[in-house]
Amino acid sequence: MAVIGLGAAVFDLDGTLIDTEPRNREMWTRLFDAHGVPWDDALIRSFAGRRGLEALGDHAHLFPGRTVEELFEQAVSYESLPGMPRVAPVPGAVGLVRSLADAGVPLAVVTSGQRAYAERLLAGLGIRDLLDLVVTAGDVVTGKPHPEGYLAAARDLDVPPQEAVGFEDAPAGVAAVKAAGMTCVGVITTQPAGALAEADHVVADFQEVDVVPGPALRVRGLALN
């Protein structure tokens, strides 16, 4: 168990606040299948936490004659198809955000998703009005694992990065939080704990995180560093 002081809390969205990863994995696998491009679990996992256009750009050579933008739009079109995996809040996520807001902690989301997508999910969770800032894919030049989004959040919240705690579920996101100089809490909703070994702490979900006077966070997961 650890107690972490904090000047701000910054959350990833997909896989961290809301479990969208099963649906996202299905979207990417359908895209590869539609073009007859072979894939494996490692390839699909490599998309987690990254901006879709950048992740696709790494594999554009597998889709001759198609632009990255076309491929991304095709993948996104699968989101609303019947039979796609349902999404749900990560256990404890909404309660933690509400507790942090009640404690007066500055709050932000840094997501690799597009603005309209992120705003819709956050509104559905009922926490959009509690957030001071939402940084999306279109707000940065370089996406995760680059720290630009997290540094922008710290700057706009007017909190030194070293006084902020970032929550992430994917290796690319953990790398971004750490490169920004923040304390990182990894949430193993989509990855095994070993994949988040660079995080300072790892929890199963937000039921293992409490807000305590300070304000501070009490983390009941495993301290890795």
Side-chain angles (χ1 to χ4, degrees), residues 11-56 58-59 62-63 68 71-97 109-128 134 136-137 143-145 166-177 184-197 199 202-209 221:
F11 294 85
D12 172 51
L13 178 57
D14 287 286
T16 300
L17 290 175
I18 186 167
D19 188 9
T20 55
E21 285 306 310
R23 185 182 66 187
N24 291 345
R25 285 176 57 86
E26 181 69 15
M27 289 161 57
W28 295 125
T29 57
R30 287 195 184 203
L31 178 69
F32 279 76
D33 287 343
H35 293 272
V37 177
W39 55 271
D40 58 21
D41 285 342
L43 188 154
I44 299 301
R45 282 199 304 270
S46 73
F47 279 65
R50 300 184 61 199
R51 295 195 297 188
L53 290 171
E54 288 178 340
L56 278 170
D58 291 346
H59 306 284
L62 300 175
F63 301 86
V68 170
L71 293 168
F72 181 71
E73 289 302 321
Q74 183 177 352
V76 169
S77 74
Y78 299 140
E79 179 183 346
S80 58
L81 291 180
M84 292 293 285
R86 300 185 68 178
V87 303
V90 170
V94 171
L96 177 60
V97 172
V109 159
V110 175
T111 175
S112 296
Q114 300 293 321
R115 170 70 57 181
Y117 170 83
E119 295 284 356
R120 174 164 51 84
L121 288 185
L122 291 167
L125 290 172
I127 60 173
R128 177 60 185 92
V134 177
T136 69
K144 304 171 188 178
F167 297 87
E168 275 281 358
D169 72 295
V174 170
V177 171
C184 184
V185 177
V187 188
I188 54 172
T189 50
T190 63
Q191 306 275 342
L196 306 182
V202 167
V203 297
D205 57 40
F206 292 108
Q207 296 177 112
E208 296 185 352
V209 182

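Values below: all heavy atoms of this structure, side chains included; hydrogens, waters and symmetry mates excluded.
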Please determine whether side-chain contact (heavy atoms from CB on, under 4.5 Å) holds for the pair F63 and V68, giving the CA-CA distance in whole Å, both sets of side-chain angles, and the decisive distance to 0.1 Å. CA-CA 9 Å; F63 301 86; V68 170; over 6 Å; no
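- Rounding to the nearest 0.5 Å gives a distance of 5.0 Å between CZ of F32 and CD1 of I44.
- Applying the side chain to side chain contact (heavy atoms under 4.5 Å, CB included) test between T20 and each of V90, T189, T190, V87 identifies V87 as the sole match.
- Note that OG of S46 and CH2 of W28 are 10.0 Å apart. Values are rounded to the nearest 0.5 Å.
- G186 approaches A199 most closely through the heavy-atom pair N-CB, 3.8 Å.
- Looking only at side-chain heavy atoms (C-beta outward), V94 and F206 stay at 4.5 Å or farther from each other.
- The nearest pair of heavy atoms linking P22 to P85 is O-CG, 3.7 Å.
- For the pair I127/V109, no side-chain contact is recorded, criterion being any heavy-atom separation below 4.5 Å from C-beta on.
- Going from atom CG of L31 over to atom NE2 of H59 covers 11.0 Å, rounded to the nearest 0.5 Å.
- To the nearest 0.5 Å, atoms CG (L43) and CG (L62) are separated by 7.5 Å.
- Between P171 and A195, the closest heavy-atom pair is CG-O, 3.5 Å.
- Between E21 and R25, no side-chain nitrogen of the basic residue sits less than 4.0 Å from a carboxylate oxygen of the acidic one, so the salt-bridge criterion is not met.
- Within the 4.5 Å cutoff, the side chain of Q114 has no heavy atoms near those of the V76 side chain.
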Show the atom names and distances, to 0.1 Å, of all donor-acceptor pairs under 3.5 Å that link a side chain in residues 117-125 to residues at least two apart or in another chain.
| residue | atom | partner | partner atom | Å |
| --- | --- | --- | --- | --- |
| Y117 | OH | D14 | OD1 | 2.5 |
| Y117 | OH | R23 | NH2 | 3.4 |
| E119 | OE1 | R128 | NE | 2.6 |
| E119 | OE2 | R115 | NH1 | 3.0 |
| E119 | OE2 | R128 | NE | 3.4 |
| R120 | NH2 | E79 | OE2 | 3.1 |

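- Closest approach of T136 and G113 over heavy atoms only: CB-O, 3.4 Å.
- Note that CG of L56 and CZ of F47 are 4.5 Å apart. Values are rounded to the nearest 0.5 Å.
- I18 CD1 to D12 CG: the interatomic distance, rounded to the nearest 0.5 Å, is 11.5 Å.
- In this structure A176 satisfies the side-chain contact (heavy atoms from CB on, under 4.5 Å) test together with K144, Y150, sequence neighbours excluded.
- Contact between Q191 and D169 at its shortest, heavy atoms only, is CG-O, 3.1 Å.
- The nearest pair of heavy atoms linking G143 to R51 is N-NH2, 3.4 Å.
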